[in-house]
Amino acid sequence: MNAPAAETIEPTHRRGGGRLGRKALRSAPVASFPTLVRQIPVYEIVPDEAVELIHEESLKILEEVGCEFRDEEAITLWKAAGADVRETRIRIDRALLMELVSKVPPEFTLHARNPERTVRVGGKNSIFVPMYGAPYVRDLDNKRRYGTLADLNNFHKLAYMAPALHSSSSIICEPMEIPVPKRHLHIIHSALKHSDKPFMGIVTSKERAEDTMAMAGIVFGEDFVRDNPVLVAITNCNSPLVWDATMLDAMRVYARHNQPLILAPFALCGASTSASAVGAVAQVNAEALAGVAFTQLIRPGSPQIYGQFMVTVDMKTGAPMGGTPEAAQMMYLMGALARKYKLPWRTSGFHVGSKLNDAQAGYEANMLMHAAILAGANYIWHSAGWLEAGLTCGYSKFATDCEQLVGWYKYAGGVPFDDFKDALAAIREVGPQGHFLGTQHTLEHFERAFFMPSIMDFNSFEQWTAEGAKDHDTRGLEKARNMLADYQEPKLDEGVAEGLKDLIARREEKLPDNVS
């Protein structure tokens, strides 16, 4: 399938400095925020007794109903561990389950190829990660079309340049023109080439997971990636209560290399769970715990991420909905359970159902990111670009999301008091009827005192009109264009770059063009 190529990027707006200024901008190092260490309390939406009730019912689900593990090696491992195995149905005693879950470390270090981009996951630490898996893009002309490799390259560049994004993800959009059996090689190559932040692995087959680890080994060193986390991979339980062979294959590859997996049921609440927020959480918790426990049969002590993807469905049409109050409430419940188990946990931030970067997208995104932050999530995925329930990644949405993440980073960092005495001294200096614009305190603090977005517009109506009356979506497209025009590649070592190209060439010779 051929898709239109992504556009050649030219800047649409420049601010001062001329050619020399632009050269200086391009030669400056790309800013990157360190791991967000939350300095605000988590919000407990229900009392401890309610959390304990959900926990108990989840254990009963695994003991009495059981969970399917549709893979012979998985069944063998569960039998050896002492679980009740009847064909592919595994019933797990609570003592065995919690013993395995307790082996997962509460925090871990996720290494980047640039050590300055290395982050911590778990505890009070949070990281923001862009979206994953969109077959479509909403491009720089605001047209919806299939994604291409050029688009994927662009999104990895944008992720690299966004200071509040801590990872480049991997399949931000699908490069649809590349045959599926070979696609994973180009996805991982793009993430490693165009960004030096941590990235995400491929899980659609055992061989693709192994190829991912081989490519990571070229970049980081084979010995290093045997034991040190350099990527995160997502494995989804098929709700209700099925872990299939494809996901279990990927789990084994990554867990054996000590690479963290997100063990995340993919739940359409009301369709693949009961039509109840607390009922859905009890089921999803059981599914996630079963997956976490299985990873510890593979490699005890390997770092893992307790996860969930829970959206409600429109009971009129069956379509998934983003940004609903129930989705936010379920995040709070999952956060409380994660803290009970002392597990790092993943949720989603800006995942929305809107087709455009419009008011609906803003409302939905705010509902969920607020919950993610106050629920204490550690790995906040789908934090940039997500539109149309994940079917589309938008350039404008990506840019505006990245700007909003700077605000959320500041919000979660808490209220600083370091300049409080100086601020009070400025009040005494100015006195009644004066202004603070020229005080020493203002001159020293104005750049960091308040969140100062560049895409959002706070000008007068007259000035806004004079500058073209551009809406937020249009300004987001301009921001994306300008970021891409200013991109400078964080170069791989020449030998590493050649090693990746050689591996891709050798693997492509062996892989078919079509899925058999």
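Hydrogens, waters and symmetry mates play no part in the numbers below; they use all other heavy atoms, side chains included.
Counting only distance, with no hydrogens or angles, the side chain of E287 and the backbone of L241 share a donor-acceptor pair below 3.5 Å. Within the 3.5 Å criterion, the main-chain N or O of G307 finds no donor-acceptor partner in the side chain of T347. The main-chain N or O of F224 is found under 3.5 Å from a side-chain atom of N228 such that the two form a donor-acceptor pair. Of the possible donor and acceptor atoms, one in the side chain of H166 sits under 3.5 Å from a partner among the backbone N and O of P34. Side-chain atoms of S383 never come within 3.5 Å of backbone atoms of F128 as a donor-acceptor pair (strictly under, hydrogens ignored). A donor-acceptor pair is defined here as one N or O able to donate and one able to accept, closer than 3.5 Å; no such pair exists between the side chain of T35 and the backbone of N125. The closest donor-acceptor contact from the side chain of D249 to the backbone of S205 lies at 3.5 Å or more, if one exists at all. Looking at R183, its side chain does come within 3.5 Å of a backbone N or O of I178 through a donor-acceptor pair. Between the side chain of E222 and the backbone N or O of A216, no donor-acceptor pair lies under 3.5 Å. Under a 3.5 Å cut-off, the side chain of N258 and the backbone N or O of D227 do form a donor-acceptor pair.
Inter-residue side-chain proximity for R226 and R256 is flagged as unmet; no heavy-atom pair is nearer than 4.5 Å. Within the 4.5 Å cutoff, no side-chain heavy atoms of F266 are placed close to those of M310. L387 is not listed as a side-chain neighbour of Y136, based on a closest heavy-atom distance of 4.5 Å or more. The shortest side-chain heavy-atom distance between R346 and F309 falls under the 4.5 Å cut-off.
The number of heavy atoms from other shown groups lying within 6.0 Å of CD (Q39) is above 12. The number of heavy atoms from other shown groups lying within 6.0 Å of NZ (K342) does not exceed 12. Within 6.0 Å of NZ on K410 lie more than 12 heavy atoms contributed by other residues, nucleotides or ligands. Atom OH of Y363 sits in a sparse spot, with 12 or fewer heavy atoms from other residues, nucleotides or ligands closer than 6.0 Å.
Side-chain atoms of T109 and R120 form a donor-acceptor pair, as typed in the model, at a separation below 3.5 Å. Using modelled atom types and a 3.5 Å distance limit, the side chains of S354 and E364 yield no donor-acceptor pair. A donor-acceptor contact closer than 3.5 angstrom links the side chains of Y395 and N154. Judged by distance alone, the side chains of T392 and R138 never bring a donor and an acceptor atom under 3.5 Å apart. Checking E210 against H257 by side-chain atom types alone, no donor-acceptor pair falls below 3.5 Å. Using a 3.5 Å distance cut-off with no hydrogens or angles, the side chains of S302 and T295 do not pair a donor with an acceptor. Under the 3.5 Å distance criterion, with hydrogens and angles disregarded, no donor-acceptor pair is assigned to the side chains of H55 and N285. Donor-acceptor pairing under 3.5 Å is lacking for the side chains of E177 and T148. Between the side chains of S32 and E116, not a single donor N or O lies within less than 3.5 Å of an accepting N or O.
Checking each of E52, E44, E56 against K340 for a salt bridge (charged side-chain N to carboxylate O under 4.0 Å, His left out) leaves exactly one that passes, namely E52.
Between H382 and W386, the ring planes are tilted. Angles from 30° to 60° get that label.
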Q: Apply ring pair (Phe, Tyr, Trp, His ring centres under 6.0 Å) to the pair W381 and H351, showing each step before the final yes or no.
A: CA-CA 9 Å; W381 200 11; H351 69 92; over 10 Å; no
(Q) What verdict does the ring pair (Phe, Tyr, Trp, His ring centres under 6.0 Å) test give for W78 and F69, after you've listed the backbone C-alpha separation in whole Å, the side-chain angles of each residue and the deciding distance to 0.1 Å? (A) CA-CA 9 Å; W78 278 118; F69 280 77; 5.5 Å; yes
Q. Going through the distances and angles, do R38 and S126 end up as a side chain to side chain donor-acceptor pair (under 3.5 Å)?
A. CA-CA 7 Å; R38 297 185 312 280; S126 294; 2.6 Å; yes
Q: For the pair Q283 and T273, evaluate side chain to side chain donor-acceptor pair (under 3.5 Å) and give the outcome as yes or no after the intermediate values.
A: CA-CA 7 Å; Q283 175 189 314; T273 76; 5.2 Å; no
Q) Could you go step by step and tell me if K60 and E57 meet the salt bridge (Lys or Arg N to Asp or Glu O under 4.0 Å) rule? A) CA-CA 5 Å; K60 289 178 183 177; E57 293 304 317; 3.4 Å; yes
Result block: side-chain N/O donor-acceptor pairs under 3.5 angstrom for residues 191-201, not counting sequence neighbours:
{"residue": "K193", "atom": "NZ", "partner": "E489", "partner atom": "OE1", "Å": "3.3"}
{"residue": "K193", "atom": "NZ", "partner": "E489", "partner atom": "OE2", "Å": "3.3"}
{"residue": "H194", "atom": "ND1", "partner": "S190", "partner atom": "O", "Å": "3.2"}
{"residue": "H194", "atom": "ND1", "partner": "S190", "partner atom": "OG", "Å": "3.3"}
{"residue": "S195", "atom": "OG", "partner": "S168", "partner atom": "OG", "Å": "2.5"}
{"residue": "S195", "atom": "OG", "partner": "K197", "partner atom": "N", "Å": "3.2"}
{"residue": "D196", "atom": "OD1", "partner": "R117", "partner atom": "NE", "Å": "3.0"}
{"residue": "D196", "atom": "OD2", "partner": "N114", "partner atom": "ND2", "Å": "3.0"}
{"residue": "K197", "atom": "NZ", "partner": "A159", "partner atom": "O", "Å": "2.8"}
{"residue": "K197", "atom": "NZ", "partner": "Y160", "partner atom": "O", "Å": "3.4"}
{"residue": "K197", "atom": "NZ", "partner": "A162", "partner atom": "O", "Å": "2.8"}
{"residue": "K197", "atom": "NZ", "partner": "L165", "partner atom": "O", "Å": "2.6"}

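The distance from atom CD1 of I172 to atom CZ of F155, rounded to the nearest 0.5 Å, is 7.5 Å.
The minimum heavy-atom distance between W345 and G376, with the atom names listed, is NE1-O, 3.1 Å. The shortest non-hydrogen separation linking I218 to G499 is CD1-O, 3.6 Å. When all heavy atoms are compared, the tightest approach of V65 to R89 is O-NH1, 2.8 Å.
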